[in-house]
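First the proteins, then the strands, lettered A, B, ... as listed; each starts at 1. Computed from heavy atoms alone, side chains included, the values below leave out hydrogens, waters and symmetry copies.
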2 protein chains.
Amino acid sequence: MLEIKEQKIDKAQFEEAAYILKALANETRLSVITLLSDEKEKSVSELMEAIDCEQSLLSYHLTDMRAKGILNCRRSGKNCFYSIRNRRVIQMLGCIVDCN
Amino acid sequence: MLEIKEQKIDKAQFEEAAYILKALANETRLSVITLLSDEKEKSVSELMEAIDCEQSLLSYHLTDMRAKGILNCRRSGKNCFYSIRNRRVIQMLGCIVDCN
DNA sequence: AAAATACATGAATATATGTTCATATATTTA
DNA sequence: TAAATATATGAACATATATTCATGTATTTT
């Protein structure tokens with residue numbers, strides 16, 4: 001007698017993907033990633049200017065993405081320069097935008 | 001004199017991407033998409049069994065993903081069969097999982 | 001050293017998302 | 001037609017995410 005093979009899913013395998021998706025699922029954040037995706041780092045002021053986002057709010061998003069390992073931050077004088085920590089995120093964003 | 005070209009971002013262009021990302025950024029939802037990605041539709045019961053998710057909670061996620069245009073639903077007798085509406089989502093999920 | 005600039009942080013609040021439980025609805029089966 | 005099965009929905013609540021505003025801190029400029 002042939003058993004029907006049940007497909008069981010280990011939800012845990014999606015933990016990390018969901019975690020990153022949550023960290024990116026926001027217009028401001030997608031804008032930041034896009035601005036940083038040309039390899040060049042940008043200061044908070046530059047990002048603010050380009051995205052037209054309130055200083056405090058942008059800072060919140062940047063700090064959080066940094067805490068979640070998506071962005072890097074380097075201080076230089078009065079400025080903080082943000083950049084993308086792992087280039088895979090750019091690839092991912094590319095797919096997302098393409099598939100849409 | 002050379003002007004520095006400011007890069008302005010139109011956040012609105014990311015609205016749709018962010019909308020879909022939010023709709024997917026959850027372990028249960030990623031599990032559902034994965035289970036449905038083999039072209040075959042599955043009933044709520046089958047999904048429930050495979051994902052090990054409470055009926056009501058799964059229903060909530062399914063209904064929402066359906067409302068957001070990610071899933072289709074077809075009733076047949078006592079069952080409701082869900083499937084992926086737009087195959088691009090699978091491609092997207094593939095990228096996400098790969099890049100990670 | 002005081003003022004200005006660039007950014008972060010905390011508190012308060014608003015809004016969105018996820019979860020549970022009880023109950024409703026549709027369909028089939030007995 | 002009553003009971004069983006499969007799924008949806010509403011209410012209440014918990015938690016997470018986003019937003020605003022005031023203020024703190026580090027650095028530079030005057």
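A:T28 comes within 4.0 angstrom of nothing in the nucleic acid, heavy atoms only. Residue contacts for B:F81: at a heavy-atom cut-off of 4.0 Å it reaches no nucleic acid atom on any strand shown. Nucleic acid contact class of B:R29 (heavy atoms, under 4.0 Å, all strands): sugar-phosphate only. A:S59 comes within contact range of at least one nucleobase, with a heavy-atom separation under 4.0 Å.
Looking only at side-chain heavy atoms (C-beta outward), A:F81 and A:K42 stay at 4.5 Å or farther from each other.
To the nearest angstrom, C1' of D:dA16 lies 14 Å from CD of B:E27. Rounding to whole angstrom units, CG of residue A:L71 and C1' of C:dA8 are separated by 15 Å. Distance, A:R66 CZ to C:dA8 P: 8 Å, rounded to whole Å. Following rounding to the nearest Å, A:K42 (NZ) and C:dA6 (P) show an atom-to-atom distance of 17 Å. As a whole-Å value, the separation of A:Y19 OH from C:dT17 P is 19 Å. What separates NZ of B:K78 from P of D:dA8 is a distance of 15 Å, to the nearest Å.
For A:S43 (side chain) and A:E46 (main-chain N/O), a donor-acceptor pair under 3.5 Å exists by modelled atom type. Checking side-chain atoms of A:R87 against main-chain N and O of A:S37 turns up a donor-acceptor pair under 3.5 Å. Although no hydrogens or angles enter the test, the distance criterion places a donor-acceptor pair under 3.5 Å between the side chain of B:R75 and the main chain of B:G77.
Atom CD in A:Q55 sits 9.5 Å away from atom CG in A:L62 (nearest 0.5 Å). Note that CG of A:L47 is 5.5 Å distant from CG of A:L36, once rounded to the nearest 0.5 Å.
Using a 4.0 Å cut-off, some side-chain N or O of A:N26 falls inside it from OP1 or OP2 of D:dA18. The side chain of B:H61 contributes an N or O atom lying less than 4.0 Å from OP1 or OP2 of C:dT19.
The side chain of B:V44 sits closest to D:dA8 out of D:dA8, C:dT9, D:dT5.
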Between the protein and nucleotides 20-22 of chain D, are there any N/O to N/O pairs under 3.5 Å, and if so, what are the atom names and distances?
residue, atom, partner, partner atom, Å
D:dC21, N4, A:S56, OG, 2.5

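Remark on DNA chain D: of its neighbouring residues A:R75 and B:R75, the 5'-side contact belongs to B:R75, judged by nearest-heavy-atom nucleotide.
For the side-chain contact (heavy atoms from CB on, under 4.5 Å) with A:I9, the lone residue among B:L35, B:L30, B:D52 that qualifies is B:L35.
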